[in-house]
Each structure stands twice: as structure tokens, then as C-alpha cells.
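For reference, the structure discussed in these notes is given below.
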Amino acid sequence: MKRVLAVCGPTASGKTALAIHLALQFDGEIISADSMQIYRGLDIGTAKPSADDMSIVPHHMIDIADTSEKYSVSRFQREATVCAEDALHRGKLPIICGGTGLYVDALISGREYSPVGDDGRLREELEREYYERGAAAMHERLAAVDAESAARLHVNDKKRVLRALEVYAQTGGTITDHNARSRLIPPRYDAFMLGLDPGRERLYERIGLRVKTMLEHGLEHEARELFERGKLMGTAAQAIGYKELADYFCGKVTLDEATELLCRKTRNLAKRQMTWLRADDRIAWLCYNSRISGELTVPEAAQTSG
RNA sequence: GCCUUUGUAGCUCAGUUGGUAGAGCAGUGGACUGAAAAUCCACGUGUCGUUGGUUCGAUUCCGACCGAAGGCA
């Protein structure tokens, strides 16, 4: 089976630096699996690799969408697979590097997403009904057609309840069936997955420092440009940093408050990322040593544990 | 110096007409199949500022003291 490498870890754990070292050592190319680095213009706030980094090692799946576009896992799966295949054909080692666990998994595992996407109209309609009739009513409706999904999903899990209803309405089949079939598809790559875990305390400290650096590097200016041009829509509007600063530009909060919120949201994100990664037993966790700069060397990377 | 307000969970604050207290946020754990930097779920003992008094019983009433904010001199 085709072999690939994956570098996983929460935000600010040093993935980018490690991936570049590995790419240089093993003649690899980096495939970013990050739902926000996808977007052109979200540079500082997403800690995108520098132009230098990208000139040393080829990077894929970065700057491929406009911030006004919708993006989705399924599109990522399609496009990133093309990149990985292309790299393999050229004899390069694909190194998947990114903090979006769902995207990493979408590329490695065989799992396929439901053939139907977000049909704007239908989703709008479901949303409207959700507000008119309430969460319980929608959950009950799901239970009538797909009892398993209903049992699995919490009544308040609006996003997933609505998606399950959407899939049923468009395909006539349940998402439960689709998922079951999807699970049987073998993985598309033999992936060796490395995990980076600095530990909670150190991670939070690094996040604080990173936010400070981002602001020094002009995050406010970058965010203001996008904000004033009304360019942040859909998925990109969810990007941490940009949305907090937008509240500041609107005068809803002070810059200090926005900064504090930015740090907090990033910490919340890192925690969720760790929850996702911990549940993945394919990951080999690295010994995270005292080199907190993130400049891990390859021999250190080879010292896997767990 | 006097008067008023105020002191309850890491933070912001509810509350108990006297029977030792609860929300939001933070934090921790978990989930996650076309929004995933999103979304959802679970977890709340803290000398109720200190110290006397009244009371069967006080965080709740009264006094003193300490801290904070405001007002008057």
C-alpha cells in the first residue's frame, strides 16, 4: 500500500517545523490538512508556513480557496487526494500536516462522504423549521426515519440532526447506512502518524506567546482589511482571531478583550484537538523534549513512544 | 473624619422572608462521517470578608473590625 507520513498535534505544538524537517530528510512534500490555511489571505492568524518555508519544501492545500467560498471535508478529501497521488507518482513522500483531525482522517482513511452535499435551499428550510418547531420536533422526525442516528445524536446537536435529515431527504437512505458502508472501505494509505503533545501547561504558554507574536506581526491589520472588504464569509468567518477582531472593529469589545478572547478560543480549540487525537490509536506519540521551540530534529522525531 | 453602597466558586454575579448556596464564563473529560479554528454533551464544597451577639440554628438579622467603590466635609 502507498505509504504516507502524518504529523498531528494541537495548534502551536510545532507541527509545521517538524514536518519541514521530515520533508527535507525524506524527500517529502507537505500536504496541509488545516481547514483555515486553505484560505488565501488568512495568513498571520492561521500561522501559515512562511514563504521561505514553502520555497524550501513544496506545500499543498494552502491558499486554494477564497475567503468568500464555502469549503468542506469532502472537497478537501477530493483535492488533497489528487495532491497526494501526484506527489507519490513523482516519487515523493506525502507528509500530511495539520490540526484539523477530520481532514487528516478524511485523506488517510477510506471513508467516503455522503454523495449529497449542502444544498443551500434544503438546509435553509431545515434551519427555518428548526427554529419554528424546535429541537425536539426535529429530533423526533429523525427518529422516525433513522432511529439509530436519533439515538446516537443528542437532541441539541442541531448541526448533525439537520445533516442526517438532509441526507435522508436527498438520497432516501439514512446516514446511518451510509456511515456503515463507508466504514467498510479500506484505508487509502498506509499512514505512519506522529503525534506532538507538549503537555497542557506548556501548550497554553506557547499559545499565549504565539498570539502575542501574531499581533506583533500585524494580525490586526490583516484582519481589518478582510473585515472592511466584507471578505469573511462561511467557513472562513469562523476563523479564530478574525472573528474576535471583527467584534473589536465593530466596537463591541476593546482590543484587550478581543486579544484575551483570541487566546481563550485558541486554548479551547487545542483542548478539543487533543481529545480528537487521543482517541486515535494509530498515532505514535513523540517524546516531547525540552526543545520547546518546536525545532525538533529528525533523530528526536524517530524516538517514538506509545 | 462622617455617610452610603459593597465583600458569596479562578472571574462576573444570583440567592437564601434565618434551616450551611447556584448560574454564566473559565477549567477538566468526552463526542465528532459534506460548517470541524465549527458544533454538541457531562462535571459546581465554596472558612458565603473577619469577629462577637441574638437564635434550637446565621452566609442570611444586629454590632465591631478589615478591604473595595462612591458621596459629603
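The chains referred to below are lettered A, B, ... by the order of the sequence lines, with proteins before strands, and numbering in each begins at 1.
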Checklist entry - If only side-chain N and O atoms of A/Tyr103 are considered, is one of them under 4.0 Å from the OP1 or OP2 phosphate oxygen of B/A36? => result yes

Next on the checklist: If you assign each of A/Val116 and A/Asp157 to its closest nucleotide in RNA chain B, which residue comes earlier from the 5' end?
Outcome noted: A/Val116

Item to check | Between A/Thr100 and A/Asp34: side-chain donor-acceptor atoms closer than 3.5 Å | outcome: no

Next on the checklist: At 4.0 Å (heavy atoms only), tell me whether A/Arg78 reaches a base, stays on the sugar-phosphate, or touches nothing.
Outcome noted: nothing

Checklist entry - Reckon A/Ser182 touches a base, only the sugar-phosphate, or nothing at all at heavy-atom distances under 4.0 Å? => result base

Checklist entry - Among side-chain atoms of A/Tyr130 and A/Glu125, is any donor-acceptor pair under 3.5 angstrom? => result no

Item to check | Nearest-Å distance once atom C1' is located in both B/G57 and B/C43 | outcome: 32 Å

Next on the checklist: Between B/C25 and B/A58, how far apart are the two P atoms, rounded to whole Å?
Outcome noted: 35 Å

Next on the checklist: Below the 4.0 Å mark, does B/C41 have OP1 or OP2 next to a side-chain nitrogen or oxygen of A/Asn156?
Outcome noted: yes

Item to check | Euclidean distance, atom CE of residue A/Met274 to atom P of B/G29 [Å, nearest integer] | outcome: 9 Å

Checklist entry - Between A/Glu29 and A/Ala23, is there a donor-acceptor pair closer than 3.5 Å when you use the side chain of the first and the backbone of the second? => result no

Item to check | Rounded P spacing from B/U60 to B/A21 in Å | outcome: 14 Å

Next on the checklist: Check A/Arg181 with A/Glu112, please: is the shortest side-chain N to carboxylate O separation under 4.0 Å?
Outcome noted: no

Checklist outcome for this item: When rounded to whole Å, the NZ to C1' distance for the pair A/Lys265 and B/A36 reads 14 Å

Item to check | Phosphate OP1/OP2 of B/A35 contacted by A/Arg123 side-chain N/O (<4.0 Å) | outcome: yes

Checklist entry - Could you go step by step and tell me if A/Glu124 and A/Arg121 meet the salt bridge (Lys or Arg N to Asp or Glu O under 4.0 Å) rule? => result CA-CA 5 Å; A/Glu124 260 175 50; A/Arg121 282 188 95 101; over 6 Å; no

Next on the checklist: With rounding to the closest Å, how many angstrom separate the P atoms on B/C48 and B/G30?
Outcome noted: 34 Å

Next on the checklist: Please determine whether a side-chain nitrogen or oxygen atom of A/Arg200 lies at a distance below 4.0 Å from atom OP1 or OP2 of B/G29.
Outcome noted: yes

Checklist entry - B/G30 C1' sits how many Å from A/Lys271 NZ, rounded? => result 8 Å

Next on the checklist: With a 4.0 Å cutoff (strictly under), does any side-chain N or O of A/Arg181 reach OP1 or OP2 of B/U33?
Outcome noted: no

Checklist entry - Any ion pair linking A/Asp190 and A/Arg3 (charged N to carboxylate O, less than 4.0 Å)? => result yes

Next on the checklist: What is the separation between atom CZ on A/Arg163 and atom C1' on B/C32, rounded to the nearest whole Å?
Outcome noted: 14 Å

Next on the checklist: Give me the distance, rounded to whole Å, that separates B/G70 from B/G10 when you measure between the C1' atoms they each carry.
Outcome noted: 27 Å

Next on the checklist: Closer than 4.0 angstrom, basic N to acidic O: yes or no for A/Glu257 and A/Lys252?
Outcome noted: no

Checklist entry - What nucleic acid atoms does A/Tyr39 come within less than 4.0 Å of, heavy atoms only: base, sugar-phosphate, or nothing? => result nothing

Checklist entry - Hey, does the side chain of A/Asn268 come within less than 4.0 Å of B/C25's phosphate (OP1/OP2), counting only N and O? => result no

Next on the checklist: Distance alone, cut at 3.5 Å: any donor-acceptor contact between the side chains of A/Ser50 and A/Asp53?
Outcome noted: yes

Checklist outcome for this item: Stem ranges of RNA chain B by first residue number, counting only runs of at least 3 Watson-Crick or G-U pairs under 3.5 Å, come to B:1-7 with B:66-72, B:10-13 with B:22-25, B:27-31 with B:39-43, B:49-53 with B:61-65

Next on the checklist: Once you apply a heavy-atom cut-off of 4.0 Å, does A/Arg152 come out as touching a base, just sugar-phosphate, or nothing?
Outcome noted: sugar-phosphate

Next on the checklist: Rounding to an integer number of angstrom, what distance separates B/U54 and B/C66 when you compare their P atoms?
Outcome noted: 23 Å

Item to check | Which nucleotide in B/A36, B/U39, B/A26 has an atom nearest any side-chain atom of A/Gln238 | outcome: B/A36

Next on the checklist: Nearest whole Å is fine: how far is B/U33 C1' from A/Arg183 CZ?
Outcome noted: 8 Å

Next on the checklist: Counting the atoms with a prime plus P, OP1 and OP2 as sugar-phosphate, which does A/Leu153 contact under 4.0 Å by heavy atoms, base, sugar-phosphate, or nothing?
Outcome noted: nothing

Checklist entry - Does A/Arg160 make a side-chain N or O approach to OP1 or OP2 of B/U33 shorter than 4.0 Å? => result yes

Item to check | A/Thr100 side chain, from C-beta outward: closest of B/A26, B/A36, B/G34 | outcome: B/A36

Next on the checklist: Any base atoms under 4.0 Å from A/Tyr71, or only sugar-phosphate, or nothing? Heavy atoms, all strands.
Outcome noted: sugar-phosphate

Next on the checklist: So, OP1 or OP2 of B/A38: does either fall under 4.0 Å of a side-chain N or O from A/Lys243?
Outcome noted: yes

Checklist entry - Between A/Tyr39 and A/Lys48, is any side-chain donor less than 3.5 angstrom from a side-chain acceptor? => result no

Checklist outcome for this item: A/Met138 atom CE is separated from B/C40 atom P, nearest whole Å, by 16 Å

Next on the checklist: Give me the distance, rounded to whole Å, that separates B/G19 from B/G15 when you measure between the P atoms they each carry.
Outcome noted: 15 Å

Item to check | Sugar-phosphate only, base, or nothing, as touched by A/Glu127 at under 4.0 Å among non-hydrogen atoms | outcome: base

Item to check | First of A/Gly101 and A/Arg267 reached from the 5' end of RNA chain B, by closest nucleotide | outcome: A/Arg267

Next on the checklist: What contact category does A/Ser109 fall into here, base, sugar-phosphate, or nothing, at under 4.0 angstrom with non-hydrogen atoms?
Outcome noted: nothing

Checklist entry - NA contact type, A/Glu166, heavy-atom cut-off 4.0 Å: base, sugar-phosphate, or nothing? => result nothing

Next on the checklist: For the P atoms, the ones on B/G7 and on B/C13, what distance do you get once it is rounded to whole angstrom?
Outcome noted: 10 Å

Next on the checklist: Between A/Asp52 and A/Ser55, is there a side-chain donor-acceptor contact under 3.5 Å, judged purely by atom types and distance?
Outcome noted: no

Item to check | Gap between atoms CG and P, on A/Leu107 and B/G34 respectively (whole Å) | outcome: 17 Å

Checklist entry - Using the ring of each side chain (for Trp, its six-membered ring), is A/Phe76 parallel, tilted or perpendicular to A/Tyr103, with breaks at 30° and 60°? => result parallel

Checklist entry - Is any side-chain N or O of A/Thr235 closer than 4.0 Å to OP1 or OP2 of B/A35? => result no

Checklist entry - How many Å lie between CD on A/Gln37 and P on B/A36, as a whole number? => result 14 Å

Checklist entry - Has the side chain of A/Lys159 got a donor or acceptor that lies under 3.5 Å from a partner of the other kind on the base of B/A36? => result no

